[in-house]
Every structure is written in C-alpha cells, then in structure tokens.
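Chain letters run A, B, ... following the sequence lines, proteins first, then strands; residues in each count from 1.
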Amino acid sequence: MAQKPAIPKGTRDFLPNEVAKRSYLFESIKTVFKRYGFAPIETPSFELSSTLMGKYGDEGDRLIFRILNSGEKMRKADLEALAADNLPKFASSLAEKALRYDLTVPFARFVVQHQNELNFPFKRYQIQPVWRADRPQHGRYQEFFQCDADVVGSDSLLCEVEFVQIFDDVLTHLNIPSFTIKINNRKILSGIAEVCGESDRIVEMTVAIDKLDKIGEEGVLNELEQKGLSSTAIEKIKPLFQFSGSNLEKLQLMRTYLAQSEVGMKGIEELEYVINNIDNMGLKRADLEFDLTLARGLNYYTGAIFEVKANNVNMGSICGGGRYDDLTGLFGLKGLSGVGISFGADRIYDVMTELDLFPSSVTKGLKVLFLHFGEAEVAKCLTLARSLRENNIDCEVYPSGAKIQKQMKYANDRAVQYVVLLGEEELKSETLILKNMSTGEQEVIDYKAFNTKITEL
RNA sequence: GAGAAUGUAGCUCAGUUGGUUAGAGCGCUGGUUUGUGGUACCAGAGGUCGCGGGUUCGAGACCCGUCUUUCUCCCCA
C-alpha cells in the first residue's frame, strides 16, 4: 500500500468501460451541437496568465492553476513583491502561463485573435478538459470536461431559445428522467438593485439572493444586512420571496415591481420573448422555470442566465450558461455579443451512473473471440479473423494456449458476444463452433457460411 | 482559503479499556472438469494497518505532523 503510486487529488483514471460510457456522453452532446449548426474548435490547455487572470473574480483567480516558469525565466521572480508580502504579484512574476479555467474566456480570446478569419455570427462548440485548484468534493474535481456551445456576434434572442432546446434535446436523449432549466436575466437583477437603490452592491445582493433555497429567507436577509445593505433596501427585497406561480405570472408580478427601472423592464421583455417562444414549441422533457434568485457568480453575464439541475439527485448544477455582451471587449474587440452554454460532463456522468441510465449497448464487449486450441488451429483462426476484420467486425484471437476453461472465463469477463471454438475435429471437417455467450447456445458452422452468419448477428 | 470526519488484503468492511501469529465476505490463483464461462464444493496466495515522527516493556488502536477521500462554509460544473 505504502509504495502504491498515486494521482493528484481531484483527478481520476478511466477504465475501458468508463471511457466507453464517457464517449457515449460526449458523442450525444456533439451530435446535438452539430444538429444546431455548431462547429468544433480546440484551444491550448494552457494560456498566458494575463489572458485568464481577473476574468473570474477574486475567487476565480485563486482557483487558477499556474504553471511555474522554468529555466532562466525563474530569474524574473519579483523578490521585492515577496519582501513586501504581495504574494499575488510575486506569484505572477513566477508564472507566466496557467491552465485554462473554463472554455468561455479562452474562446473570447480566440474570437478576437481570429476575428478576420471567422464568419459572424460564429457558432462553435468545444469539448475539452479544464482545471481548477478547488478543494475536491462529491461531483467536484480538479480536472473535468466542459462541453460548451456559444454563438458570438448576434444579439438575437433566438440564440437563447435555441440553447434551451439544446439542453432539452441532450438531456432527454441521455434519458435523464427529470430536470429543470432555470432561467433568469441579469438585467432583472440589475433592475431589482436599482429599485432598491443599491445598484453598487448588485454582486453582493445577487450572491445572497442566490442562496435562498439553501439558507432560506431568514438567512438571505441576514446576509444582506451583513453585506451592508440599507434596511429600506432589504424591505424592498422582502416581497420578492413571495413571488410564485407560473413563469408568466411571475413575469407579470416583476413587471409591476420593476416598473421604475428601465433596465429591469428590458430584462422582463427579453425573458418573456424566450419563454413565449419555448411555450409555443414545447419541450420534450425539461421544465423551464423563471427563477429570479438565479444569479451565478460569473460577473461577465449581462443578459440571460441559465442553470440546469437534475431533479431527485444530490448534485449541484449540471449545466450553466448565459449571455455576455462584452467578453471580447476585455481583449480589445468591442460591440460583439455572445451567448453560450456548458454541459458539465463529469457531473452528468455521475448522475447517470447513480441512476443507472447508460444503455447496455454502450459497454457491449468485443464481438468475436477465437479460442486457442493449438498451432494448427490458430493458423486457421488467423485467416478467419482476418476475413472478419475485412468485413468491419471486431475480433481477437486468444494469444496463448491456456486451458479452454480459462479462455472461456476471459471471454466472459470481457463481455465478449460470441466465441469461436475450432479444435482438431472442426479443423478436419472444415467447420467451427459458434457460441453465443449471453444465451449459451452454440452451433456448428461451415467456414464458408461463417462470414455471412456473423455479419447477420 | 476556514472548520470537521476518514484511511486496515484488489474491493467492501470487522478488529473490545493499548497485550501473543491482524480477521470476514467478495474477488484472485489452483483443483473437482487436460473441448466450454456466468452456479456449486475444496485448497491456496495476498497486509511493514495511508506516510513520517513521538509516548510505551508493548501501538492497527494514544499524541503530533503530513497526504488522500468525504462533509459543511466559500465558490462552482
């Protein structure tokens, strides 16, 4: 035990059947993305620190994995900053590169850098790992995959409508039994802050309101007070907790509440457009819910905000997203609106494992295994195997002359679908025994009929 | 980054107030069966008790440090 090797915390190895399930997951997501016209891109695993730092708030910066400078670059270390106890500055002088923290910010950088080669509106999807120096917990890893789709260069709300459909399509296809797409709009949150006269504290305010389902009304009010919101503001926030009913009813209540806020009314209008369009089309399995407490920490969102939760499972959100009007502005390209979503593949995997939702076909094993009887028989098996492979059938010849019992057990453990037994007798009569491993049935077949027979199975 | 729990065989876990040689089930290997797996029976292998230090005549158990995993907070997929 002591000498056993280990991998860093929050990382995982994947065994063959896990990889099979994960590929199924990625392929399902990819298929839907493609269906809606998104094209794949890839970006490097690591970026310049300056690209990532400061884009995710102070909390986010703390969680970015930084790559230590090597060789002569070490001399750039800012010892004065160290002496002055300015650790962030010291760290920056030691690490010019960092592992990507999400796919959205690198994508913004990508768009700015390749703006002349892209056609706008540009729709891309991207499935790659990201890294966070977070403390690992259930459903929380240091290395995990994000599956993002974004549209950049269009401020049409049809994009939002499309993304709601994509959430619904993917998760329905994956057979997640019940899930809720929560939607809100940053402009509504701004409107609330404005109505309360606390526009400056919008972040503190929304972060507190976001915790409603966790700490309850009382908890939220306490936190708001601690964060220094005025008592008149808190009085104005209180009625929000009472808002309930259907999405349209809630919109109606908010319309009255936000009547004095121009930005708030704009948010209502946007949200209503999306909800109406979705209502007209209907969703397969998802529940679309206007949740005015939904905030999300990333402060680059400016319009719609999405979050998806699987119901009846203990797991944080499995998807997220939203609109960001000025993300590329951070890299010098103004006036380009973007909106995007992200599937948390690792969490969806955990949910599907917990609910046993992977179809059995995903982990189906090798189609044919030829058992090994002896040198003469193996020569024939090699010829037959080659011919199967020409017909795109996966097969394998057991590599050594172990006891047949052991070879059968190997076939069983590998979940092999069919086993071919070809021994002395069969060799003489130019036949073979084909055994179906799941039913246990077996039949004698001519060499000539073998290819056709196996292709039909 | 703050607080708490956890770690014993490949896996899931027992192990009394500190006391001889640390156990079980499953899995693994071999056999019953040298041409038949998933069942049954028999036998066997496998552990410096997470790691490092300390207390003690004696530590899997107590103390300190450290790492892992898990939980709460923070934040998030």
Colleague: Using atom C1' of each nucleotide, how far apart are B/G27 and B/A9 to the nearest Å?
Modeller: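 Those two atoms are separated by 11 Å.
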Colleague: Using a 4.0 Å heavy-atom cut-off across all strands, classify A/Glu425 as base, sugar-phosphate, or nothing.
Modeller: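 Counting heavy atoms under 4.0 Å across all strands, the contact made by A/Glu425 includes a base.
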Colleague: Which nucleotides of nucleotides 40-45 of chain B have their base under 4.0 Å from a protein heavy atom (B), which only their sugar-phosphate (S), and which neither (-), written as one string 5' to 3'?
Modeller: ------
Colleague: Grab the stems for RNA chain B, please: at least three consecutive Watson-Crick or wobble pairs, both distances below 3.5 Å, written as range with range.
Modeller: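 Stem segments, range with range: B:1-5 with B:69-73, B:10-13 with B:23-26, B:28-32 with B:40-44, B:50-54 with B:62-66.
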Colleague: What's the verdict on salt bridge (Lys or Arg N to Asp or Glu O under 4.0 Å) for A/Asp346 and A/Arg12, showing C-alpha distance, side-chain angles and the deciding distance?
Modeller: CA-CA 11 Å; A/Asp346 298 86; A/Arg12 294 153 297 159; 2.7 Å; yes
Colleague: Would you kindly give the OH-to-C1' distance between A/Tyr300 and B/C75, to the nearest whole Å?
Modeller: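 Atom OH in A/Tyr300 sits about 14 Å away from atom C1' in B/C75.
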Colleague: In Å, rounded to the nearest 0.5 Å, how long is the span from CD of A/Glu307 to CZ of A/Phe167?
Modeller: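 If I round to the nearest 0.5 Å, the distance is 9.5 Å.
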Colleague: What contact category does A/Glu426 fall into here, base, sugar-phosphate, or nothing, at under 4.0 angstrom with non-hydrogen atoms?
Modeller: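 A/Glu426: base contact, heavy atoms under 4.0 Å.
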Colleague: Dump the pairs, protein N or O against N or O of nucleotides 1-6 of chain B, anything under 3.5 Å, distances to one decimal.
Modeller:
residue: B/A2; atom: N6; partner: A/Arg135; partner atom: NH1; Å: 3.4

Colleague: Is A/Gln405 close enough to B/G37 that one of its side-chain N or O atoms is under 4.0 Å from OP1 or OP2 there?
Modeller: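 Answer is yes, contact under 4.0 Å.
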Colleague: Which word best sums up how the rings of A/Tyr324 and A/Tyr301 line up, parallel for under 30°, tilted for 30 to 60°, or perpendicular for over 60°?
Modeller: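 Rings of A/Tyr324 and A/Tyr301: tilted, 30 to 60°.
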Colleague: Examine the side chains of A/Asp326 and A/Thr328 and answer whether a donor and an acceptor come within less than 3.5 Å of each other.
Modeller: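 Side-chain D/A pair, A/Asp326 to A/Thr328: absent.
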Colleague: Pick the C1' atom in B/C28 and in B/G47, then give their distance to the nearest Å.
Modeller: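 Here B/C28 and B/G47 have their C1' atoms 15 Å from each other.
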Colleague: Does A/Arg124 count as lying over the ring of A/Phe107, i.e. NZ or CZ under 6.0 Å from the six-ring centre, within 45 degrees of the axis?
Modeller: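 Checked: cation-pi criterion met.
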Colleague: In whole Å, what is the span from the CG atom of A/Leu432 to the P atom of B/G35?
Modeller: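 Those two atoms, CG and P, are 18 Å apart.
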Colleague: By the 4.0 Å heavy-atom rule, please label A/Lys211 as base, sugar-phosphate, or nothing.
Modeller: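 Counting heavy atoms under 4.0 Å across all strands, the contact made by A/Lys211 is with sugar-phosphate only.
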Colleague: Starting the side chain at C-beta, find the nucleotide from B/C76, B/C75, B/U69 nearest to A/Val207.
Modeller: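 Among B/C76, B/C75, B/U69, the one nearest the side chain of A/Val207 is B/C75.
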Colleague: How far, in whole Å, is B/U68 from B/G50 if one measures between their C1' atoms?
Modeller: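 7 Å, rounded to whole Å.
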Colleague: Angle between ring planes, A/Phe145 versus A/Phe26, binned at 30° and 60°: parallel, tilted or perpendicular?
Modeller: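 Correct class here is tilted.
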Colleague: Scan A/Ile318 against the nucleic acid and name what it touches under 4.0 Å (heavy atoms): base, sugar-phosphate only, or nothing.
Modeller: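 Counting heavy atoms under 4.0 Å across all strands, the contact made by A/Ile318 is with sugar-phosphate only.
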Colleague: How many Å lie between CD1 on A/Ile7 and C1' on B/U68, as a whole number?
Modeller: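 A/Ile7 atom CD1 is separated from B/U68 atom C1' by 11 Å.
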Colleague: Work out how far the C1' atom of B/C49 is from that of B/A22, and round it to whole angstrom.
Modeller: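 The same atom, C1', in both gives a distance of 8 Å.
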Colleague: List in chain and number order the residues that pass side-chain hydrogen bond (donor to acceptor under 3.5 Å, both in side chains) with A/Ser429, two or more places apart in sequence or in another chain; answer none if no residue qualifies.
Modeller: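 Expected list: A/Thr431.
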Colleague: Who passes salt bridge (Lys or Arg N to Asp or Glu O under 4.0 Å) against A/Glu96, sequence neighbours left out?
Modeller: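 A/Glu96 satisfies salt bridge (Lys or Arg N to Asp or Glu O under 4.0 Å) with A/Lys73, A/Lys76 only.
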Colleague: Could you tell me whether A/Glu27 and A/Lys30 have a side-chain N and a carboxylate O separated by less than 4.0 Å?
Modeller: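 Answer for the salt bridge query: yes.
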Colleague: Tell me which donor-acceptor pairs under 3.5 Å the side chains of residues 32-39 of chain A have, and how far apart each pair is, sequence neighbours excluded?
Modeller:
residue: A/Tyr36; atom: OH; partner: A/Asp169; partner atom: OD2; Å: 2.7

Colleague: What I want to find out is whether A/Glu441 reaches A/Lys435 closely enough, with some N-O distance under 4.0 Å, to be called a salt bridge.
Modeller: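 No.
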Colleague: Tell me every residue that passes side-chain hydrogen bond (donor to acceptor under 3.5 Å, both in side chains) with A/Lys309, counting only those two or more places apart in sequence or in another chain.
Modeller: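 Partners of A/Lys309 by the side-chain hydrogen bond (donor to acceptor under 3.5 Å, both in side chains) criterion come out as none, since no residue qualifies.
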Colleague: What orientation do A/Phe122 and A/Phe110 show, parallel under 30°, tilted 30 to 60°, or perpendicular over 60°?
Modeller: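 It falls in the parallel class, under 30°.
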Colleague: Roughly how far apart, to the nearest Å, are B/G44 and B/G35 at atom P?
Modeller: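 Their P atoms lie roughly 27 Å apart.
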Colleague: Would you call A/Glu430 and A/Lys448 a salt bridge, taking side-chain N to carboxylate O under 4.0 Å as the test?
Modeller: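 Answer for the salt bridge query: no.
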Colleague: Considering only atom P, compute the distance from B/C64 to B/C71 and round it to an integer number of Å.
Modeller: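 Each nucleotide's P atom is 25 Å from the other's.
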Colleague: Could you measure between the two P atoms, the one in B/U8 and the one in B/G60, and give it in whole Å?
Modeller: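 After rounding to an integer number of Å, I get 15 Å for this pair.
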Colleague: To the nearest angstrom, how far is A/Tyr56 atom OH from B/C76 atom C1'?
Modeller: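 So the OH-C1' distance, A/Tyr56 to B/C76, works out to 13 Å.
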Colleague: Return whichever of A/Pro8 or A/Arg132 has its heavy-atom-nearest nucleotide of RNA chain B closer to the 5' end.
Modeller: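 Comparing both residues, the 5'-ward one is A/Pro8.
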Colleague: Can you measure A/Glu223 atom CD to B/C73 atom C1' for me and round it to whole angstrom units?
Modeller: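 To the nearest whole Å, that distance equals 11 Å.
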Colleague: Take the protein atom CD of A/Glu424 and the nucleotide atom C1' of B/U34, then report the distance between them rounded to whole Å.
Modeller: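 Distance check: A/Glu424 CD to B/U34 C1' gives 13 Å.
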Colleague: Please determine whether any donor N or O and acceptor N or O are separated by less than 3.5 Å between the side chain of A/Asn412 and the base of B/G37.
Modeller: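 Result: at least one qualifying N/O pair found.
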Colleague: How long is the line joining CZ of A/Phe26 and C1' of B/A77, in whole Å?
Modeller: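 It is 12 Å, rounded to the nearest whole Å.
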Colleague: On a whole-Å scale, what distance lies between the C1' atoms belonging to B/A59 and B/U17?
Modeller: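 Going atom to atom, C1' in each nucleotide, I get 14 Å.
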Colleague: Classify the nucleic acid contact of A/Ser317 as base, sugar-phosphate or nothing, counting any heavy atom under 4.0 Å across all strands shown.
Modeller: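 Sugar-phosphate, no base atom in range.
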Colleague: Restricting to nitrogen or oxygen on both sides, can you table the protein-nucleotides 25-30 of chain B pairs closer than 3.5 Å?
Modeller:
residue: B/C28; atom: OP1; partner: A/Lys409; partner atom: NZ; Å: 3.3

Colleague: Would you kindly say whether A/Gln417 and A/Ser438 are connected by a side-chain donor-acceptor distance under 3.5 Å?
Modeller: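 There is no such pair between these side chains.
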Colleague: Please name all residues satisfying side-chain contact (heavy atoms from CB on, under 4.5 Å) with A/Ser387, sequence neighbours left out, ordered by chain then number.
Modeller: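 For A/Ser387 the side-chain contact (heavy atoms from CB on, under 4.5 Å) partners, ignoring immediate neighbours, are A/Asn391, A/Asn451.
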Colleague: Between A/Tyr398 and A/Phe370, is the ring centre distance below 6.0 Å?
Modeller: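 That pair fails the under 6.0 Å test.
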Colleague: What residues from residues 435-457 of chain A pass a heavy-atom cutoff of under 4.0 Å to RNA chain B?
Modeller: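 Result for residues 435-457 of chain A: A/Lys435, A/Met437, A/Ser438, A/Gly440, A/Gln442, sorted by number.
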Colleague: A/Tyr349 pairs by ring-ring contact (aromatic ring centres under 6.0 Å, His included) with which of A/Phe358, A/Tyr141, A/Phe144?
Modeller: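 With A/Tyr349 as partner, ring-ring contact (aromatic ring centres under 6.0 Å, His included) holds for just one option, A/Phe358.
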Colleague: May I ask you to say what A/Tyr141 touches in the nucleic acid, namely base, sugar-phosphate or nothing, with a heavy-atom cut-off under 4.0 Å?
Modeller: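 Contact class for A/Tyr141: base.
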Colleague: Whole-Å distance between B/U36 C1' and A/Met408 CE?
Modeller: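 In whole Å, B/U36 C1' and A/Met408 CE are 4 Å from each other.
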Colleague: What parts of residues 351-377 of chain A reach RNA chain B, counting only heavy atoms under 4.0 Å away?
Modeller: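 Hits under 4.0 Å, by residue number: A/Phe373.
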Colleague: Could you check whether A/Lys367 pairs with A/Glu396 (Lys NZ or Arg NE/NH1/NH2 to Asp/Glu carboxylate O, under 4.0 Å)?
Modeller: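 Salt bridge flag = no for A/Glu396 with A/Lys367.
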Colleague: Who are the ring pair (Phe, Tyr, Trp, His ring centres under 6.0 Å) partners of A/Phe65, not counting sequence neighbours?
Modeller: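 Once residues adjacent in sequence are excluded, A/Phe65 has no partner under the ring pair (Phe, Tyr, Trp, His ring centres under 6.0 Å) criterion.
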Colleague: With a 4.0 Å cut-off on heavy atoms, is A/Ile433 in touch with a base, just the backbone sugar-phosphate, or nothing at all?
Modeller: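 Base contact - A/Ile433 has a heavy atom under 4.0 Å of at least one base atom.
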Colleague: Strictly below 4.0 Å, N to O, side chains only: are A/Glu198 and A/Arg201 in salt-bridge contact?
Modeller: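 Yes, A/Glu198 and A/Arg201 are salt-bridged.
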Colleague: Answer with base, sugar-phosphate or nothing: what part of the nucleic acid does A/Gly316 contact at a heavy-atom distance below 4.0 Å?
Modeller: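 No contact at all - A/Gly316 keeps every heavy atom at 4.0 Å or more from the nucleic acid.
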Colleague: Does A/Gly401 reach a base, just sugar-phosphate, or nothing at all? Heavy atoms under 4.0 Å.
Modeller: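 Counting heavy atoms under 4.0 Å across all strands, no contact is made by A/Gly401.
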